[in-house]
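Below is one structure; the comments refer to it alone.
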Amino acid sequence: MDKKPGKHVSASSEITPASSTAEAPAREESGAPHLTRRSFLVWVGSASAAGAVPFSAAKTVSSDAAEIEPPVRLIVNGVAHEARVDIRTSLLDYLREDLQLTGTKKGCDHGQCGACTVHVNRRRVNSCLSFVAMHDGDEITTIEGLGSPDKLHPMQAAFVRHDGLQCGYCTAGQIMSAVALLHEPCGAGDAALKDAMSGNLCRCGAYSNILAAIKQVRTS
Ligand code: FES
Ligand code: FES
């Protein structure tokens, strides 16, 4: 396409498409296909259909070819692991599916809810947005590594005391975020705390109790 200023190519102008396995329209003597907008769309449609790969076949081919090499070595809750997984495996899926640490929850799987929050080298991370391949040598902490039923972390105990949960689905992520927050620069007021926790959503709306729990730990 000529990109000189002022040169406009209308929908019915000639278009030279990329090569395809579909049968191309008849060519003019110059060798370039002569297309109207309508004939171009019909041609592209038939080319796409001809080149389409069945979904199951495409998935099979790609999943065979992508294991991490060499394996990633990481420490999860104080235990050393070697991860031999598909290179596209998220940290969240590795924790839940491979290590069976299902306290970390999958909410949106798109970095929008915070349910999957874990600590990486003591900093909070949305594990759904992070690949295992990025964590060679890292220390990961999940809710299972924070406290135990017999000895709760002070933040866990505060959530219990202040009823900082209803269904509990967001709670592990809320607590992991709140614990990391203790080591972050954050103002003392409610607005600063709410802002710092804004990446963790609660569909049950337990926000006021969550805030009360965090404030108790911060001031104790
Ligand atoms: Fe990771 Fe929602 S599951 S942010
Ligand atoms: Fe139900 Fe937060 S307690 S989503």
Side-chain angles (χ1 to χ4, degrees), residues 59 63 66 68 72 74-77 81 83 85-149 152-186 190-218:
K59 192 177 179 187
S63 64
I68 294 177
V72 169
L74 65 175
I75 297 171
V76 181
N77 298 335
H81 294 275
V85 294
D86 187 292
I87 198 165
R88 297 158 298 180
T89 305
S90 71
L91 181 58
L92 173 61
D93 284 341
Y94 175 67
L95 294 171
R96 288 182 53 85
E97 308 297 333
D98 291 73
L99 302 188
Q100 304 298 305
L101 295 171
T102 55
T104 305
K105 296 293 186 273
K106 181 182 283 188
C108 63
D109 208 19
H110 283 83
Q112 296 173 347
C113 72
C116 64
T117 305
V118 299
H119 295 173
V120 176
N121 301 329
R122 301 186 74 197
R123 299 185 66 177
R124 51 181 167 167
V125 165
N126 284 340
S127 59
C128 70
L129 293 185
S130 196
F131 293 111
V132 176
M134 298 162 60
H135 293 292
D136 194 39
D138 283 347
E139 287 188 30
I140 315 293
T141 305
T142 70
I143 192 73
E144 291 90 344
L146 204 61
S148 67
L152 296 178
H153 184 282
M155 191 65 76
Q156 291 173 309
F159 268 64
V160 172
R161 180 173 182 184
H162 291 275
D163 282 335
L165 63 145
Q166 288 184 35
C167 77
Y169 198 82
C170 74
T171 309
Q174 300 277 3
I175 290 174
M176 296 307 287
S177 254
V179 171
L181 179 59
L182 299 175
H183 308 291
E184 296 173 7
C186 175
D190 285 8
L193 273 180
K194 288 177 184 175
D195 190 46
M197 290 295 293
S198 61
N200 290 81
L201 305 183
C202 176
R203 291 289 299 269
C204 298
Y207 294 113
S208 58
N209 294 6
I210 291 170
L211 196 65
I214 298 172
K215 286 168 70 175
Q216 180 206 307
V217 178
R218 289 191 92 203

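Residue indices begin at 1 and follow the sequence shown. Whatever order the structure lists them in is the order used to number ligands and atoms, beginning at 1. Note that this is a predicted model, so its numbers are computed, not measured.
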Check: If you round to the nearest 0.5 Å, how far is OH of Tyr207 from OG of Ser198?
Finding: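 Output value for this atom pair is 9.5 Å.
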
#### Entry: Gap between atom CD of Glu144 and atom OG1 of Thr104 - 0.5 Å precision
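Going from the OG1 atom of Thr104 to the CD atom of Glu144 covers 5.5 Å.
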
*asked:* Could you check whether atom CZ of Phe131 has more than 12 heavy atoms from other residues, nucleotides or ligands sitting under 6.0 Å from it?
replied: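 Open: at most 12 neighbouring heavy atoms sit under 6.0 Å from CZ of Phe131.
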
Listed by chain and number, what are the side chain to side chain donor-acceptor pair (under 3.5 Å) partners of His162, not counting sequence neighbours?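 With sequence neighbours excluded, His162 shows a side chain to side chain donor-acceptor pair (under 3.5 Å) to Gln216, given in chain and number order.
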
Check: Do the non-hydrogen side-chain atoms of Leu211 and Lys194 ever get within less than 4.5 Å of each other?
Finding: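 Side chain of Leu211 against side chain of Lys194, heavy atoms only: contact under 4.5 Å found.
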
Side chains of Thr141 and Asn77, donor plus acceptor under 3.5 Å: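 Checked: Thr141/Asn77 side chains show no N/O donor-acceptor pair below 3.5 Å.
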
(Q) I need the full list of side chain to side chain donor-acceptor pair (under 3.5 Å) pairs touching residues 121-138, with sequence neighbours left out, sorted by first then second residue. (A)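 Found Asn121-Asp138, Arg122-His183, Arg124-Ser177, Arg124-Glu184, Ser130-His135, His135-Asp138.
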
>> Check for me: within less than 2.8 Å of atom 2 (Fe) of ligand 2, which protein N/O/S atoms show up?
In response: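 Listed by chain and number: Cys170 SG, Cys202 SG.
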
Exercise. Tally every protein N/O/S atom whose distance to atom 1 (Fe) of ligand 1 is less than 2.8 Å; waters are neither shown nor counted.
Key: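 Considering protein N, O and S only, atom 1 (Fe) of ligand 1 has 2 within range.
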
**Test log, rule side chain to side chain contact (heavy atoms under 4.5 Å, CB included), inputs Val125 and Thr117** = CA-CA 5 Å; Val125 165; Thr117 305; over 6 Å; no

Reference residue Gln174; test side-chain contact (heavy atoms from CB on, under 4.5 Å); the match among Asn200, Leu201, Val179, Ile214
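Among Asn200, Leu201, Val179, Ile214, the one meeting side-chain contact (heavy atoms from CB on, under 4.5 Å) with Gln174 is Asn200.
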
